[in-house]
Structure formats: structure tokens, C-alpha cells
Amino acid sequence: YNAGYEICGVVTPPDRPSGRGMKLIPCPVKEYALEKGLKVFQPEKITNNTEFKDEIKMLNPDLVCVVSYGVILPKSFLKIPKYGCINVHPSMLPKYRGAAPIQWAIIDGEEVTGVTTMQMNEGLDTGDMLLKTIVPIEAKETGGSLFDKLADAGAKLCVETLEGLQNKTITPEP
């Protein structure tokens, strides 16, 4: 958003009950999107959801950026954007594919980790890698503090990836 790209929509999971009163609480992504006047989609599921896919097709996105969505996107969705879908993953792929890459990097005593952008396919973190950036892990790092560092690095790498795809300066790596 701050890099000046046109964002035609934001997809985030449906609001979930939280707290003692089990009140429906929107996630921070939804709150930010609404604050910026962006269209928000909250499908319960994507596979076999033709109504949602038709809405996305009407937006005619050039590219879809996925960050910590937690759902494997079906091939029918991955084919919608002109340039496909990219994932911003908080690890130096191929190491720590899948869930909990931040926690595993700390548990395993890694000194560095990073963020990888990748072209998405039908598998879990199995597409071609596009760009990477290294993030040091401090001696007393926590999952929360490392998450914050990786989120900042990931946002910058996402913009670099978008620019590289636009300028055709990225060579995908299997």
C-alpha cells in the first residue's frame, strides 16, 4: 500500500469469536484494509467457492500476494491473476517449509533466518523461489520479536519482488 501499488482487494479469514464474551473480532489485516478503504473478502473456504472466485476474476488482478494465509490455494484460484500468486514465507526456503518456521528456527538454535518470496503452485511452499533476504537471530530472540523482524523484512522483500516481476529482473529458482 505504502509503495503505491493499486490494491484491488484484501482476502483474510472470517472474523472469529474471541475473549471472554466470545465477541467477533476482526484481524489486524482487515482493520488496516478497511482503514485504507480497501475492499475486503472473507470467504469461509476457497475451494469450490465459485462466487468468491468470480468476484476475484472481476477484479482482474495482475498478481496476488499471499502472507500467512494458512490455506493451500486451489489451481483454479492460482490461475486467476495474470502473473500468478506469490507467497511471502518467513524462512530461508527450502529450510523450514510449512508451519511454524519462526519457532523452529529458534528451537534449532539457528543464528540467521530470513524471508523468501516464491511463485505459488498447488503444493505447500513448493513453488519456485524468487527472492530471499537474511535476518539475524539474536541470542535472546523470542518468537514474537523474530516475527516482528521478519514481518518488516517480508514487507520490503514483497515490494522488491513486485518490482522485479514488473521489470522482469527475477530468475525463479526451483
Side-chain angles (χ1 to χ4, degrees), residues 1-91 93 96-103 114-127 130-131 133 135 143-163 165:
Y1 182 87
N2 291 333
Y5 285 94
E6 178 188 351
I7 299 174
C8 58
V10 173
V11 180
T12 188
D15 298 346
R16 301 284 185 221
S18 182
R20 191 169 269 166
M22 297 304 286
K23 183 179 171 187
L24 285 180
I25 304 291
C27 72
V29 170
K30 178 182 179 181
E31 289 177 341
Y32 182 86
L34 292 174
E35 177 185 302
K36 300 298 181 190
L38 302 172
K39 186 165 179 66
V40 175
F41 299 91
Q42 294 185 280
E44 195 63 52
K45 62 180 186 159
I46 294 177
T47 303
N48 300 322
N49 187 338
T50 53
E51 181 183 328
F52 170 67
K53 287 183 215 168
D54 288 345
E55 286 185 275
I56 299 301
K57 284 178 187 174
M58 285 193 301
L59 293 173
N60 194 28
D62 288 336
L63 183 73
V64 168
C65 298
V66 178
V67 181
S68 298
Y69 190 58
V71 174
I72 294 178
L73 301 177
K75 186 176 184 177
S76 59
F77 185 88
L78 296 172
K79 291 171 33 175
I80 294 172
K82 181 177 175 181
Y83 300 111
C85 301
I86 63 165
N87 182 23
V88 181
H89 192 274
S91 80
L93 291 173
Y96 301 119
R97 289 186 191 277
I102 296 169
Q103 293 82 353
V115 179
T116 304
T117 54
M118 60 189 295
Q119 191 76 46
M120 293 178 71
N121 63 19
E122 297 166 71
L124 178 63
D125 301 333
T126 56
L130 302 171
L131 294 178
T133 189
V135 175
S145 64
L146 185 54
F147 175 92
D148 292 342
K149 286 167 55 174
L150 291 168
D152 289 342
K156 291 174 187 155
L157 191 66
C158 185
V159 172
E160 286 178 41
T161 302
L162 294 173
E163 290 170 354
L165 290 171

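In this chain, residues are counted from 1 in sequence order.
- More than 12 heavy-atom neighbours from other residues, nucleotides or ligands sit within 6.0 angstrom of CD on E35.
- With a 4.5 Å cut-off on side-chain heavy atoms, C65 and T161 do not count as touching.
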Using side-chain contact (heavy atoms from CB on, under 4.5 Å), reason through V40 and L34 one step at a time and then give a plain yes or no.
CA-CA 7 Å; V40 175; L34 292 174; 3.8 Å; yes
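- Between C8 and K39, the shortest heavy-atom distance links the atoms O-CB, 4.0 Å.
- Counting only heavy atoms from C-beta outward, the side chains of L150 and I102 approach each other to under 4.5 Å.
- Shortest non-hydrogen contact noted between Q119 and G84 is NE2-CA, 3.7 Å.
- Residues T116 and S91 share a closest heavy-atom pair of OG1-O, 2.7 Å.
- Of the candidates V71, T12, N49, N49 is the only one forming a side-chain contact (heavy atoms from CB on, under 4.5 Å) with P43.
- Between the side chains of T133 and K156, no donor N or O sits under 3.5 Å from an acceptor N or O.
- In this structure, L24 CG and R16 CZ are separated by 9.5 Å, a value rounded to the nearest 0.5 Å.
- Atom OG1 of T47 sits about 14.0 Å away from atom NZ of K75, to the nearest 0.5 Å.
- Around CZ of F41, the count of heavy atoms belonging to other residues, nucleotides or ligands within 6.0 Å exceeds 12.
- For the atom pair CG (L78) and CG (L73), the distance works out to 5.5 Å, reported to the nearest 0.5 Å.
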Does the side-chain contact (heavy atoms from CB on, under 4.5 Å) test come out yes or no for S68 and V29, once each step is laid out?
CA-CA 11 Å; S68 298; V29 170; over 6 Å; no
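- At a threshold of 4.5 Å between non-hydrogen side-chain atoms, the residues E44 and F52 do not count as touching.
- From I25, atom CD1 reaches atom NZ of K30 across 10.5 Å, with rounding to the nearest 0.5 Å.
- Residue Y83 comes nearest to L63 through the heavy atom pair O-CD1, 3.7 Å, listed as atom of the first residue, atom of the second, then distance.
- You'll find the side chain of D54 stays beyond 4.5 Å of the side chain of M58, heavy atoms only.
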side-chain contact (heavy atoms from CB on, under 4.5 Å), that's the test. Do Y32 and V10 meet it? Break it down for me.
CA-CA 10 Å; Y32 182 86; V10 173; over 6 Å; no
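- A side-chain contact (heavy atoms from CB on, under 4.5 Å) with M120 holds for exactly one of I72, V66, I86, T126; it is V66.
- Taking 4.0 Å as the cut-off between side-chain N and carboxylate O, E51 and K45 do not count as a salt-bridged pair.
- Taking CD1 of I7 as the start and CG of L59 as the end, the distance is 12.5 Å to the nearest 0.5 Å.
- We find the CD-CG distance between E6 and L38 to be 10.0 Å, quoted to the nearest 0.5 Å.
- The two residues E163 and Y5 come nearest to each other via the heavy atoms CG-OH, 3.2 Å.
- Here the shortest heavy-atom pairing between I56 and P61 reads O-CD, 3.3 Å.
- Within the 4.5 Å cutoff, the side chain of F77 has heavy atoms near those of the I46 side chain.
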